[in-house]
Amino acid sequence: MEKIVVKGGINLSGRVYVSSAKNSVLPIIVASILSDEKCVIENAPMLEDVFVIGDVLKSVSANININNSSITIDTSNLKYGEPSSELVRKMRASFLVMGPMIARFGKFKISLPGGCNIGTRPIDLHLKGLTALGAEVSIGHGYVEASANRLIGNKIYLDFPSVGATENIMMAAVMAEGETIIENSAAEPEIEDLASFLNSMGGIITGAGTDTIKIMGVKSLKGTTHRPIFDRIEAGTYMAAAAITRSKIEVCGINEEHLKPVIAKLTEMGVSMEINGDNIIVDGNCALKPVDIKTMPYPGFPTDMQAQMMSLLCGVKGTSIITETVFENRFMHAQELKRMGANIKIDGRSAVIEGVEKLSGSEVKATDLRAGAALIIAGLAAEGITEISDIYHVDRGYVNIEKKLKGLGADIERIKY
Ligand code: UD1
């Protein structure tokens with residue numbers, strides 16, 4: 001087991017470089033199932049989740065080669081098979097193989113997915129979409145099975161703009177017969193990135209990044225090379241790290257458009273920022289104001305930044321309210337922050353935060369990926385030493401987090417225990 005030990009109260013300075021977006025790379029790796037030609041993903045983040053999805057593909061005989069940070073995926077010998085349930089339960093995104101595997105083999109069976117423990121996370125919308133495309137779907141004994149001789153385009157309205165369901169349906173529909181329209185689709189930048197990957201394979205997808213996506217089915221897709229977008233959540237986490245330590249740092253590798261809701265909230269708090277192309281200078285060395293935050297599907301405030309903002313608001317004088325509307329059980333970090341002296345009251349989907357003068361270093365536990373990152377940045381600002389255990393959650397989504405923070409001057413170590 002490993003934990004991260006942070007000595008708080010040190011000012012950060014310098015530059016940090018953002019990696020490619022985990023949430024783009026995972027569906028893109030999966031989408032390469034749709035072609036029997038090689039696909040290359042350049043500048044891929046070397047993360048635990050990326051290795052897990054690679055193992056899921058390997059378990060159906062894909063050939064995956066990682067050279068530096070370039071991933072080559074060759075699915076020419078792909079075989080119909082069932083990925084091990086152990087792998088699938090490790091990560092919810094494994095379920096994304098469903099759409100492309102049906103498109104390629106006309107049938108597929110996979111165990112029900114796992115992932116961060118942040119709510120019930122059903123898959124009804126994925127299945128509703130696949131059913132609308134003509135797949136026969138059944139669930140039993142912990143498995144989902146689907147089959148379709150031929151997927152046929154259809155109009156699908158999503159009751160909620162689910163990121164995963166939108167991606168799964170897009171990948172199933174790209175080689176279906178005729179046109180598919182996904183209404184109330186998720187509009188996250190990672191969806192746009194997946195669409196641009198699929199289009200560079202020969203797909204015909206328009207409207208990705210809006211709430212209506214049109215997909216005209218094609219007969220086959222070819223191999224391609226793609227460089228994914230920057231990770232807006234990793235960037236946002238380092239921006240929050242600057243604010244919580246009242247420091248000035250430069251975060252390199254951002255897309256201003258993708259970070260709009262985060263930039264807007266930090267601006268409202270009084271953090272000053274200056275954007276130069278792909279880089280942003282964040283200066284948190286000012287009196288910060290409390291704010292209210294409501295997480296929403298994109299372009300609303302991202303749920304994946306909620307925990308980090310909670311850490312930040314814990315040390316801002318006054319009352320802030322965070323309302324989580326995307327996941328029903330995403331406040332587990334609040335309990336850990338309270339161990340550090342935070343004053344937080346949870347009432348259903350809202351957290352009321354009374355800013356305290358200083359957090360105090362404690363032993364805390366990463367309960368999920370973003371919660372872990374939130375506790376690390378809380379530790380940067382706390383008095384004394386914070387030890388964050390179960391750090392494997394953080395490794396699922398942050399490339400070398402302690403090395404990047406060390407590069408900014410933080411006193412942070414990873415230790416085995
Ligand atoms: C993706 C991201 C995750 C992010 C989330 C929301 C990846 C690999 N993960 O997760 O980091 O936190 O988007 O931005 O990209 N829902 C249903 N039925 C479904 C599917 C989802 O009710 O069939 C609900 C979920 O329970 C949840 C909400 O929709 O309450 C959002 O889930 P969704 O957008 O699907 O998130 P993921 O794709 O799992």
Side-chain angles (χ1 to χ4, degrees), residues 6 8-16 18 232-296 298-324 331 333-334 337 340-345 350-360 370 373-383 405 408-410:
V6 189
I10 293 171
N11 252 45
L12 303 180
S13 60
R15 283 191 177 145
V16 62
V18 175
R232 62 194 165 102
I233 305 301
E234 189 195 14
T237 303
Y238 291 115
M239 290 161 70
I244 203 169
T245 53
R246 308 294 189 266
S247 306
K248 185 174 175 180
I249 66 166
E250 187 168 17
V251 181
C252 304
I254 64 131
N255 179 318
E256 181 181 359
E257 188 64 29
H258 299 170
L259 276 164
K260 237 183 204 167
V262 175
I263 292 172
K265 269 302 149 194
L266 289 174
T267 305
E268 197 182 324
M269 289 182 70
V271 176
S272 66
M273 278 161 286
E274 189 189 316
I275 296 165
N276 305 305
D278 288 350
N279 304 337
I280 186 166
I281 295 172
V282 185
D283 188 353
N285 189 14
C286 28
L288 299 185
K289 295 188 280 288
V291 288
D292 293 343
I293 296 175
K294 192 175 190 176
T295 66
M296 304 277 273
Y298 190 84
F301 192 89
T303 173
D304 284 352
M305 275 300 297
Q306 181 256 104
Q308 301 88 315
M309 291 304 282
M310 187 182 284
S311 291
L312 172 57
L313 292 169
C314 283
V316 175
K317 203 168 166 226
T319 310
S320 300
I321 300 176
I322 297 183
T323 307
E324 173 60 59
F331 282 142
H333 41 279
L337 287 167
M340 299 178 72
N343 182 351
I344 306 168
K345 285 193 182 67
S350 293
V352 181
I353 303 147
E354 286 296 337
V356 296
E357 193 65 38
K358 265 248 169 285
L359 291 174
S360 56
R370 306 301 169 189
L375 293 168
I376 292 175
I377 68 165
L380 294 173
E383 221 157 42
L405 285 170
L408 293 170

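All residue numbers refer to positions in the sequence shown, counting from 1.
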- Note on the structure: Separation between CE (Met305) and CG (Leu259), nearest 0.5 Å, reads 8.5 Å

- Task: Step through the shown structure and confirm whether more than 12 heavy atoms of other residues, nucleotides or ligands are within 6.0 Å of CD on Glu354.
- Result: yes

- Using side-chain contact (heavy atoms from CB on, under 4.5 Å) as the criterion, point out the one residue from Ile376, Leu375, Leu337 that pairs with Ser311. Leu337

- Item | Distance-minimising heavy-atom pair for Lys248 and Ile281 | CE-CG2, 3.7 Å

- What one should report as the nearest heavy-atom pair of Met273 and Thr267 is CE-OG1, 3.3 Å

- From Leu405 atom CG to Ile377 atom CD1, the distance as rounded to the nearest 0.5 Å: 9.0 Å

- Got a second to check how far Ile254's CD1 is from Asn276's CG, nearest 0.5 Å? 9.0 Å

- Task: Verify, without hydrogens or angle tests, whether Ser350 (side chain) and Thr323 (backbone) share a donor-acceptor contact under 3.5 angstrom.
- Result: no

- Query: Which pair of non-hydrogen atoms, one from Ile353 and one from Met310, has the smallest distance, and what is that distance?
  - Reply: CD1-CG, 3.8 Å

- Nearest heavy-atom pair of Gly270 and Lys289: which atoms, and what distance? CA-NZ, 4.3 Å

- Query: Can you tell me how far the CD atom of Gln306 sits from the CG atom of Leu313, to the nearest 0.5 Å?
  - Reply: 10.0 Å

- For the residue pair Ser247 and Leu12, what are the closest heavy atoms and their distance? OG-N, 2.8 Å

- Task: Could you point out which residue of His333, Met239, Arg370 forms a side-chain contact (heavy atoms from CB on, under 4.5 Å) with Gln308?
- Result: Arg370

- Message: Measuring from atom CD1 of Ile249 to atom CG of Asn11, what distance do you get when rounded to the nearest 0.5 angstrom?
- Response: 11.0 Å

- Ser272 backbone acceptor or donor facing Asp283 side chain under 3.5 Å: no

- Item | More than 12 heavy atoms of other groups within 6.0 Å of Glu256 CD | no

- Message: As an exercise, state the distance from OG1 of Thr237 to CE of Met309, rounded to the nearest 0.5 Å.
- Response: 10.5 Å

- Task: Quick one: closest heavy-atom pair of Cys314 and Ile344, and the distance?
- Result: SG-CD1, 3.8 Å

- Query: For Pro261, what residues pass the side chain to side chain contact (heavy atoms under 4.5 Å, CB included) criterion, not counting sequence neighbours?
  - Reply: Phe301, Pro302

- Message: Tell me every residue that passes side chain to side chain donor-acceptor pair (under 3.5 Å) with Glu234, counting only those two or more places apart in sequence or in another chain.
- Response: Lys404

- Query: Would you say Thr319 and Val352 make side-chain contact, with heavy atoms under 4.5 Å?
  - Reply: yes

